[in-house]
Amino acid sequence: MEDRYPFADVEQKWQERWEQQGLYTVEDFDGRPKYYCLEMFPYPSGRLHMGHVRNYAIGDVVARYKTMQGFAVLHPMGWDAFGLPAENAAIKHGIHPRDWTWENIAFMRRQLQQLGASYDWRREIATCHPGYYRWTQWLFLQFFHHGLAYKKKAPVNWCPSCATVLANEQVVGGACERCKTPVTRRELEQWFLKITAYSQRLLEDLAKLPGWPEKVKVMQENWIGRSEGALVHFPVPGHDEGISVFTTRPDTLYGVTYMVLAPEHPLVEKLTAPEQKDAVAEFIARARDLSELSRTAAEAEKSGLFIGAYCENPLTGERVPIFIADYVLMEYGTGAVMGVPAHDQRDFEFARKYGLPIRVVIQPRDRELEPETMTGAYVDEGILVNSGPFNGMDNLAAIRAITAYLEERGWGEYQVNYRLRDWLISRQRYWGAPIPIVYCDRCGTVPVPEKDLPVVLPYDVAFKPTGQSPLKDCPEFVNVACPRCGAPACRETDTMDTFICSSWYYFRYTSPREENGPWDRAKVDRWLPVDQYIGGVEHAILHLLYSRFFTKFLYDIGLVGCEEPFTNLLTQGMVLKDGAKMSKSKGNIVSPEEIMAKYGADTTRLFILFAAPPERDLEWSDQGVEGCARFLNRVWRLVNGLLPELGEEAAPGENLVGVNRELRRLTHQTIKKVTEDIERFQFNTAVSAIMELVNGVYQFCDRVPPVDRDPGAVREAVEALVVLLAPFAPHIGEELWWRLGHQESVHRQAWPKYNPALLVQERVTVVVQINGKVRGRVMVPASATPEEMQEEALREPRIRQLLAGKTMVKVVAVPGRLVNVVVK
RNA sequence: GCCGGAGUGGCGGAAAGGCAGACGCACGGGACUUAAAAUCCCGGGGGAGCUCGCUCCCGUGUGGGUUCAAAUCCCACCUCCGGCACCA
């Protein structure tokens with residue numbers, strides 16, 4: 001008999017058969033309730049890494065489990081196929097991005113099939129396919145027609161190494177997310193999507209997502225960064241235009257002793273006094289040269305410069321000196337900040353450095369602040385002083401009162417401000433979806449008509465990171481007749497940020513080959529929203545926020561019926577080796593190919609699911625993998641060894657007692673545990689429970705001679721084992737299922753149900769505690785009442801001995817668990 | 001600085017207020033074998049006592065609290081990880 005599971009043969013055999021049978025194809029309308037299980041699609045970088053394996057192993061368990069529960073499960077896979085690495089490969093290795101990408105896709109698709117993942121490959125999509133990006137372009141035009149795609153000249157984050165613009169989201173700590181080069185600033189004409197129009201809804205609707213991890217919701221909340229306050233207008237004597245500032249603390253308005261503008265603020269040039277012009281110009285030049293990194297670097301000294309001009313505090317008519325300082329950001333608020341040194345730490349430091357007055361306008365209730373002796377700003381609550389008509393008012397009340405006062409006089413208004421900025425989508429790159437816009441001298445900016453989509457990427461293009469799109473050097477692409485007037489015109493040569501492509505792919509899976517629109521509405525309504533989305537936490541902000549934005553927009557224009565795309569979200573942890581993320585530079589990469597070649601897909605999957613709960617980081621262990629291989633061999637031997645005595649289908653005997661009854665109890669207990677654990681995504685403990693079942697059946701066989709075994713009870717245990725294991729280790733599950741005499745895939749079986757009556761034990765051991773410490777245990781009938789348990793516990797000689805001479809204060813008895821005797 | 005999350009044996013981890021350490025890895029002992037591998041069985045939190053069966057004490061980052069009972073709940077603190085960060 002084979003004593004080793006021949007994984008290579010078994011895996012290949014079943015993968016071929018599953019494909020022939022179309023085991024994983026799902027029809028759109030088949031009467032079953034739907035379940036949409038989605039894993040984040042990969043960038044086709046070349047080959048799978050362990051993070052992918054983890055992601056797709058988790059998704060596969062969920063998809064198989066839900067299928068066995070009777071759902072029609074949509075479980076698709078595709079490729080986030082546009083992006084920079086393809087172009088870098090072109091530059092480095094002289095291979096065309098398109099060819100490179102399609103080769104990678106072919107290789108990685110093969111790897112996913114080898115993993116045994118249950119995808120409906122008929123629904124495969126790739127964002128770089130014209131049949132897909134045609135609709136990416138079409139969706140861009142919908143944004144355009146609704147005024148949510150616009151072009152403006154803007155200071156942008158520029159990566160000198162990648163020679164491209166980066167979205168704010170792609171700048172991490174002042175450096176390029178991809179290559180870590182410090183980001184600099186440039187002024188360019190760029191396309192934007194107006195995500196800020198959805199700030200409030202993106203924030204509010206987080207409350208409608210109870211199935212998302214708190215962590216992710218908080219990260220999005222911080223990213224959107226809502227703050228409430230007032231917009232206050234400070235007139236500048238001698239000028240028509242005043243300075244507007246946003247403040248969250250209008251209650252401190254009487255404490256303003258200076259004003260600061262961002263160096264880029266348009267008013268700086270107009271307001272600067274003649275004698276300060278040179279100094280200001282020098283200051284601005286220095287600020288511009290500083291990269292974003294050093295400018296925002298930690299607690300850098302705040303430097304500023306008086307521009308020789310004054311504005312007026314609208315509440316007091318007081319003269320307020322105007323500074324420029326690089327700590328004020330043009331991108332946030334109005335690019336101007338009022339300085340209240342007494343009640344803002346940053347302003348306090350700035351005022352001390354430049355000798356500006358500090359005026360206390362909020363006094364704490366328990367002491368008196370003196371500007372001369374203060375060592376820091378007072379930012380807590382208190383009572384207003386030095387604040388004209390508002391003296392004596394509680395500062396929280398004063399926020400509202402002063403805002404109302406400003407509004408009455410037209411000096412300001414209540415305002416909500418967001419940190420979120422519009423989404424810059426232009427990329428000066430080749431390998432992306434072309435922005436479907438034509439520039440005509442006569443007609444201006446003209447959208448490409450829908451009938452002319454897709455705007456196809458030309459194949460013959462030179463790849464040089466020049467800072468402008470390689471498409472600029474491609475006359476066949478650039479030169480086009482204006483769609484409106486027919487005159488010679490030029491195409492937009494920038495391509496779209498790849499995050500656009502991945503913001504709507506989950507809709508496309510429902511109708512992947514649809515030609516009359518981005519999707520078939522009935523199919524989107526059938527499948528969406530995604531019931532379970534699974535992927536890395538690194539997408540907590542970017543991808544997930546953009547996808548939510550797209551969905552809300554599409555809902556508003558009537559193209560989809562849901563406002564949130566992903567009902568439940570599981571963010572998996574990283575795969576670590578020696579405590580660190582696997583990376584080339586650390587040389588700690590474990591390749592899935594090698595592991596799968598050595599141990600097979602089932603062992604690889606099993607280990608990765610068993611080693612840690614899915615949300616936590618997972619420490620790779622070669623010995624742990626070895627242990628999982630050993631376990632599958634153990635299952636293999638157990639089931640094959642029992643085959644001869646199992647015979648035909650047989651129901652477990654009625655009213656079994658003793659060991660056979662105990663075996664049935666173990667079987668049903670395991671079904672219960674595994675079901676509950678999968679429901680809450682505790683795959684590691686689900687696998688443990690299956691291991692315990694295997695250990696239990698081995699022990700049963702060891703202790704009970706064949707004549708005493710109930711064949712039905714044994715068959716029940718073995719079949720439960722195989723069926724419960726199947727979502728985790730689909731190949732060995734299938735093979736053993738057929739060996740057990742079945743003629744239909746294990747993956748089409750109904751998920752087993754446990755019988756509660758069989759879980760009940762006649763007698764249970766309960767712990768007896770004295771003052772909370774375990775001092776003994778007694779056997780009682782499972783149905784024993786607290787009183788009976790107490791009686792039984794107090795009859796126990798050892799307990800009586802320990803209680804001798806003590807006064808019993810009270811006794812707590814928890815049925816089936818314990819008796820606790822409290823004594824003095 | 002602000003916001004999250006986590007700290008449990010040699011290791012990965014388990015315990016949804018009720019026997020801390022399931023399951024697995026590593027380790028030790030035994031069986032099988034000429035031998036090894038594979039496999040199977042048994043044993044492991046720390047300390048102390050002893051009639052060798054068991055008994056007692058201490059143990060879930062630290063200190064306090066709630067409770068008959070706390071890894072779990074509350075308060076304070078320490079450490080590590082993640083996110084945001086001159087946000088006005």
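Below, read A as the first sequence line, B as the second, and so on, with proteins coming before strands; counting in each chain starts at 1.
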(request) Please list every stem that involves RNA chain B, where a stem is a run of 3 or more consecutive Watson-Crick or G-U wobble pairs with both pairing distances under 3.5 Å. (result) B:1-7 with B:78-84, B:10-12 with B:23-25, B:27-31 with B:39-43, B:45-49 with B:54-58, B:61-65 with B:73-77
(request) Measure from CZ on Arg817(A) to C1' on rG18(B) and round the result to the nearest Å. (result) 6 Å
(request) Tell whether Asn820(A) reaches the base of rC68(B) with its side chain through a donor-acceptor pair below 3.5 angstrom. (result) yes
(request) Looking at every strand, decide which applies to Glu221(A) at a 4.0 Å heavy-atom threshold: base, sugar-phosphate, or nothing. (result) nothing
(message) In whole Å, I'd like the distance from the CG atom of Leu545(A) to the P atom of rG83(B).
(response) 17 Å
(message) Measuring only the P atom in each nucleotide, how far is rC50(B) from rU60(B)? A whole number of Å is fine.
(response) 28 Å
(request) Not counting sequence neighbours, which residues clear side-chain hydrogen bond (donor to acceptor under 3.5 Å, both in side chains) with Arg419(A)? List them please. (result) none
(request) Indicate yes or no: does Arg665(A) engage Glu662(A) in a salt bridge with an N to O separation below 4.0 Å. (result) yes
(request) For Val61(A) and Pro727(A), work out which heavy atoms get closest and say how close. (result) CG2-O, 3.6 Å
(request) Report the residues that fulfil side-chain hydrogen bond (donor to acceptor under 3.5 Å, both in side chains) with Lys577(A), sequence neighbours left out, ordered by chain and then residue number. (result) none
(request) Could you tell me whether the phosphate oxygens of rC58(B), OP1 or OP2, come under 4.0 Å of any side-chain nitrogen or oxygen in Lys773(A)? (result) yes
(request) Can you sort out the partners of Phe350(A) under ring pair (Phe, Tyr, Trp, His ring centres under 6.0 Å), two or more places apart, ordered by chain and number? (result) Tyr258(A), Phe323(A), Tyr327(A), Tyr354(A)
(message) Using a strict threshold of under 4.0 Å (side-chain N to carboxylate O), is an ion pair present between Glu676(A) and Lys672(A)?
(response) yes
(message) Please classify the glycosidic conformation of rG49(B) as syn (within 90° of 0) or anti (everything else).
(response) anti
(request) Using the C1' atom on both, measure rG17(B) against rC3(B) and round to a whole Å. (result) 29 Å
(message) I'd like to know if the side chain of His343(A) pairs up with that of Thr252(A) as donor and acceptor (distance under 3.5 Å, no hydrogens or angles considered).
(response) no
(request) Among rC86(B), rG18(B), rC87(B), find the nucleotide with the atom closest to the side chain of Gln769(A). (result) rG18(B)
(request) Could you measure between the two C1' atoms, the one in rA38(B) and the one in rC19(B), and give it in whole Å? (result) 37 Å
(message) What is the distance, to the nearest angstrom, from the CG atom on Asp326(A) to the P atom on rA88(B)?
(response) 18 Å
(message) Both Cys628(A) and Leu802(A) contact RNA chain B. Which one's nearest nucleotide lies toward the 5' end?
(response) Cys628(A)
(request) Using atom CG of Leu693(A) as one end and atom P of rG24(B) as the other, report the distance to the nearest whole Å. (result) 12 Å
(request) Would you indicate what Val218(A) reaches in the nucleic acid, counting non-hydrogen atoms under 4.0 angstrom: base, sugar-phosphate, or nothing? (result) sugar-phosphate
(request) Please check if any side-chain donor atom of Asp251(A) sits under 3.5 Å from a side-chain acceptor atom of Asn395(A), or the reverse. (result) yes
(message) Filter on side chain to side chain donor-acceptor pair (under 3.5 Å), then keep only pairs touching residues 610-622 of chain A, sequence neighbours left out; what's left?
(response) Trp620(A)-Asp622(A)
Only pairs under 3.5 Å count here: list side-chain donor-acceptor contacts from residues 805-816 of chain A, not counting sequence neighbours, and write none if there are none.
none

(request) Could you tell me the separation between the CH2 atom of Trp620(A) and the P atom of rC25(B), rounded to a whole number of Å? (result) 15 Å
(request) Using the C1' atom on both, measure rC73(B) against rG1(B) and round to a whole Å. (result) 29 Å
(message) Applying the side chain to side chain contact (heavy atoms under 4.5 Å, CB included) criterion to Leu569(A), which one of Val537(A), Leu544(A), Ile534(A), Leu209(A) satisfies it?
(response) Leu544(A)
(message) Using a 4.0 Å heavy-atom cut-off, does Gly225(A) contact any base of the nucleic acid, only the sugar-phosphate backbone, or nothing at all?
(response) nothing
(message) Measure CG/Leu231(A) against C1'/rC87(B) and give the value in whole Å, please.
(response) 15 Å
(message) Tell me the interatomic distance from His265(A), atom NE2, to rA88(B), atom C1', rounded to whole angstroms.
(response) 13 Å
(request) Classify the glycosidic conformation of rG44(B) as syn or anti, calling it syn when the angle lies within 90° of 0. (result) syn
(message) Nearest 0.5 angstrom please: Tyr754(A) OH to Thr670(A) OG1, how far?
(response) 12.5 Å
(request) Would you indicate, yes or no, if rC68(B) has its OP1 or OP2 atom less than 4.0 angstrom from a side-chain nitrogen or oxygen of Lys810(A)? (result) yes
(request) Taking atom P in both rG30(B) and rG24(B), compute the distance separating them and give it to the nearest angstrom. (result) 22 Å
(message) For a quick test of reading the model: is some side-chain N or O of Arg419(A) closer than 4.0 Å to OP1 or OP2 of rA85(B)?
(response) yes
Enumerate all atom pairs, one protein N or O and one N or O from nucleotides 12-16 of chain B, separated by less than 3.5 Å.
| residue | atom | partner | partner atom | Å |
| --- | --- | --- | --- | --- |
| rG12(B) | O2' | Ala611(A) | O | 2.6 |
| rG13(B) | O3' | Asn684(A) | ND2 | 3.3 |
| rA14(B) | OP1 | Asn684(A) | ND2 | 2.9 |
| rA14(B) | OP2 | Arg616(A) | NH2 | 3.1 |
| rA16(B) | N7 | Arg680(A) | NH1 | 2.4 |
| rA16(B) | N6 | Arg680(A) | NE | 3.3 |

(request) Determine whether Val768(A) and Leu818(A) make a side-chain contact, defined as any pair of heavy atoms from C-beta on separated by less than 4.5 Å. (result) no
(message) Should the side chain of Arg777(A) and the base of rC19(B) be counted as holding a donor-acceptor pair, with the cut-off at 3.5 Å?
(response) yes
(message) Contact between Phe607(A) and Glu626(A) at the side-chain level, heavy atoms closer than 4.5 Å - yes or no?
(response) no
(message) Between rU72(B) and rC86(B), how far apart are the two C1' atoms, rounded to whole Å?
(response) 41 Å
Atom pairs, protein N/O to nucleotides 39-41 of chain B N/O, distance under 3.5 Å:
| residue | atom | partner | partner atom | Å |
| --- | --- | --- | --- | --- |
| rU39(B) | O3' | Arg637(A) | NH2 | 3.3 |
| rC40(B) | OP1 | Arg634(A) | NH1 | 2.7 |

(request) Calculate the interatomic distance between Met219(A) atom CE and rC81(B) atom C1'; express it in whole Å. (result) 13 Å
(request) With C1' as the reference atom in both, quote the distance from rG12(B) to rU51(B) in angstrom, rounded to an integer. (result) 42 Å
(message) For His543(A), give me all partners under side chain to side chain contact (heavy atoms under 4.5 Å, CB included), at least two apart in sequence or on another chain.
(response) Met40(A), Phe499(A), Ser502(A), Tyr505(A), Tyr533(A), His539(A), Ser547(A)
(request) Please name all residues satisfying ring pair (Phe, Tyr, Trp, His ring centres under 6.0 Å) with Phe728(A), sequence neighbours left out, ordered by chain then number. (result) none
(request) Would you indicate which nucleotide in rC84(B), rA88(B), rC25(B) comes nearest to any side-chain atom of Ile541(A)? (result) rC84(B)
(request) Taking atom P in both rA16(B) and rA88(B), compute the distance separating them and give it to the nearest angstrom. (result) 42 Å
Strictly under 3.5 Å: I want the nitrogen or oxygen pairs between protein and nucleotides 50-55 of chain B, one per line.
none

(message) Under the rule for side-chain hydrogen bond (donor to acceptor under 3.5 Å, both in side chains), what residues qualify as partners of Asn684(A), not counting sequence neighbours?
(response) none
(request) Pick base, sugar-phosphate or nothing for Val822(A), based on heavy-atom distances below 4.0 Å to the nucleic acid. (result) sugar-phosphate
